[in-house]
Q: 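First the structure, which I've put down as structure tokens, then a few questions once you've had a look.
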Amino acid sequence: SGSYNQMFINASGCDSIAVLDLTINYSNTSTSTVTACDSYLWNGITYTASGIYDTTYTNAAGCDSTATLDLTINYSTTSSETRTECDSYTWPVNGQTYTTSGTYTDVSTNAAGCDHTETLNLTINNSSSSLQVVTACDSYDWNGLIYFSSGSYNQMFINASGCDSI
């Protein structure tokens with residue numbers, strides 16, 4: 001910018017001066033480096049992939065300008081497991097002990113710094129027990145074992161749900 005003079009000879013052969021009062025406005029450029037999880041909103045556009053994105057705008061001086069976005073998108077992760085257990089289950093992911101069937105989730109941070117959602121699909125089967133009170137003469141045959149003296153006897157078995165039972 002500045003004021004500039006130029007001397008020249010006009011059509012009549014006389015010296016003349018042309019004055020140029022010049023203002024130069026400048027364009028702007030900027031670069032933003034961003035890391036986001038899953039998506040990023042920039043200038044009204046949602047981006048879901050890493051890349052370099054440009055937008056052109058008119059700055060306050062009226063000049064075309066460029067803004068650049070250097071974007072890295074990291075992604076959230078998920079995993080799930082299905083378990084069938086007897087009576088209770090302690091999930092190593094969160095240390096919780098569950099005694100009822102259900103779907104349980106835990107949210108943590110993955111290596112990329114984004115959410116990691118783990119889902120546990122849990123079926124709890126229950127052990128069972130039964131009590132028989134029997135009075136017999138001389139001996140008693142219980143499940144293939146013959147008992148000759150009175151007492152309380154236990155037998156372990158696997159029930160229909162696959163759990164240890166007494």
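In this text, all values refer to a predicted model and were calculated from it rather than measured experimentally. In what follows, every heavy atom counts, from backbone to side chain, and hydrogens, waters and symmetry copies are set aside.
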Q: Indicate if Tyr147 and Val134 have the same hydrophobic cluster label, given that clusters are the connected sets of ILVMFWY residues with side-chain heavy-atom separations under 4.5 angstrom.
A: yes
Q: Is it the case that one hydrophobic cluster holds both Leu145 and Ile166, taking links as side-chain heavy atoms less than 4.5 Å apart, direct or via other members?
A: no
Q: State, with a plain yes or no, whether a side-chain heavy atom of Ser88 is found less than 4.5 Å away from one of Thr97.
A: yes
Q: For Ser76, which of Thr109, Thr117, Asp38 qualifies under side chain to side chain donor-acceptor pair (under 3.5 Å)?
A: Asp38
Q: Between atom CG of Asn94 and atom CG of Asp106, what is the distance when rounded to the nearest 0.5 Å?
A: 5.0 Å
Q: Judged by modelled atom types alone, do Thr77 and His116 share a side-chain donor-acceptor pair under 3.5 Å?
A: yes
Q: How long is the gap from OG1 on Thr29 to CG on Asn59, to the nearest 0.5 Å?
A: 10.5 Å
Q: Can you give me the closest heavy-atom contact between Pro92 and Thr90, atom names plus distance?
A: CD-O, 3.3 Å
Q: Check step by step if side-chain hydrogen bond (donor to acceptor under 3.5 Å, both in side chains) holds for Ser128 and Asn159.
A: CA-CA 7 Å; Ser128 56; Asn159 67 14; 3.3 Å; yes
Q: Can you name the nearest heavy-atom pair linking Ser39 to Thr48, along with the distance?
A: CB-CG2, 4.0 Å
Q: Side-chain donor-acceptor pair under 3.5 Å between Thr68 and Asp54, yes or no?
A: yes
Q: Does any part of the side chain of Leu120, heavy atoms only, come nearer than 4.5 Å to the side chain of Thr105, both counted from C-beta?
A: no
Q: If you group Ile, Leu, Val, Met, Phe, Trp and Tyr by side-chain heavy-atom gaps below 4.5 Å, do Leu20 and Ile24 land in one group?
A: yes
Q: Who passes side chain to side chain donor-acceptor pair (under 3.5 Å) against Ser149, sequence neighbours left out?
A: Tyr153
Q: I'd like to know whether CZ of Phe8 has more than 12 heavy-atom contacts from other residues, nucleotides or ligands below 6.0 angstrom.
A: yes
Q: Please check if the side chain of Ser30 supplies one atom and the backbone of Ala67 the other of a donor-acceptor pair under 3.5 Å.
A: no
Q: I'd like to check the salt bridge (Lys or Arg N to Asp or Glu O under 4.0 Å) partners of Glu81; sequence neighbours left out, ordered by chain and number.
A: none
Q: With the side chain counted from C-beta on, respond yes when Gln155 and Trp142 share a heavy-atom pair under 4.5 Å apart, and no when they do not.
A: yes
Q: Walk me through whether Ser1 and Leu22 qualify under side-chain contact (heavy atoms from CB on, under 4.5 Å).
A: CA-CA 5 Å; Ser1 296; Leu22 178 63; 5.8 Å; no
Q: Please assess Glu118 against Trp91 for the test side-chain contact (heavy atoms from CB on, under 4.5 Å), listing each intermediate value before the final yes or no.
A: CA-CA 11 Å; Glu118 177 118 12; Trp91 195 19; 3.2 Å; yes
Q: What is the minimum heavy-atom distance between Asn25 and Ala61, and which atoms define it?
A: ND2-O, 3.3 Å
Q: Could you report the tightest heavy-atom contact between Tyr75 and Asn110, atom names first, then the distance?
A: O-ND2, 3.0 Å
Q: Would you check if Tyr98 and Glu85 make a side-chain contact, meaning some heavy-atom pair closer than 4.5 Å?
A: no
Q: Answer yes if the side chains of Ser127 and Asp87 hold a donor-acceptor pair under 3.5 Å, and no otherwise.
A: yes
Q: With no hydrogens and no angle check, is any side-chain donor or acceptor of Asp70 less than 3.5 Å from a backbone partner on Ser32?
A: no
Q: Under 4.5 Å between any side-chain heavy atoms of Leu69 and Tyr40, yes or no?
A: yes
Q: Side chains of Tyr53 and Leu71: does their closest heavy-atom pair fall under 4.5 Å?
A: yes
Q: So Thr119 and Thr78, do their side chains get closer than 4.5 Å, heavy atoms only?
A: no
Q: Hydrophobic cluster membership, with links at side-chain heavy-atom distances under 4.5 Å among I/L/V/M/F/W/Y: are Val34 and Ile45 in one?
A: yes
Q: Determine, stepwise, if the pair Asp15 / Ile9 fulfils side-chain contact (heavy atoms from CB on, under 4.5 Å).
A: CA-CA 5 Å; Asp15 288 339; Ile9 304 295; 2.9 Å; yes
Q: Grab the two heavy atoms, one from Cys37 and one from Gly113, that are nearest each other, plus how far apart they are.
A: SG-O, 3.7 Å
Q: Answer yes or no: does atom CD1 of Ile17 have more than 12 heavy-atom neighbours from other residues, nucleotides or ligands under 6.0 Å?
A: no
Q: To the nearest 0.5 Å, tell me how far Ser165 OG sits from Asn154 CG.
A: 12.0 Å
Q: Can you measure from OG1 (Thr103) to CG (Leu122) and round to the nearest 0.5 angstrom?
A: 8.5 Å
Q: Just verifying a value: how many Å separate Gln96 CD and Thr99 OG1, rounded to the nearest 0.5 Å?
A: 11.0 Å
Q: Would you indicate whether the side-chain heavy atoms of Ile124 and Tyr89 approach each other to under 4.5 Å?
A: yes
Q: As an exercise, state the distance from OG of Ser129 to CG of Asp164, rounded to the nearest 0.5 Å.
A: 12.5 Å
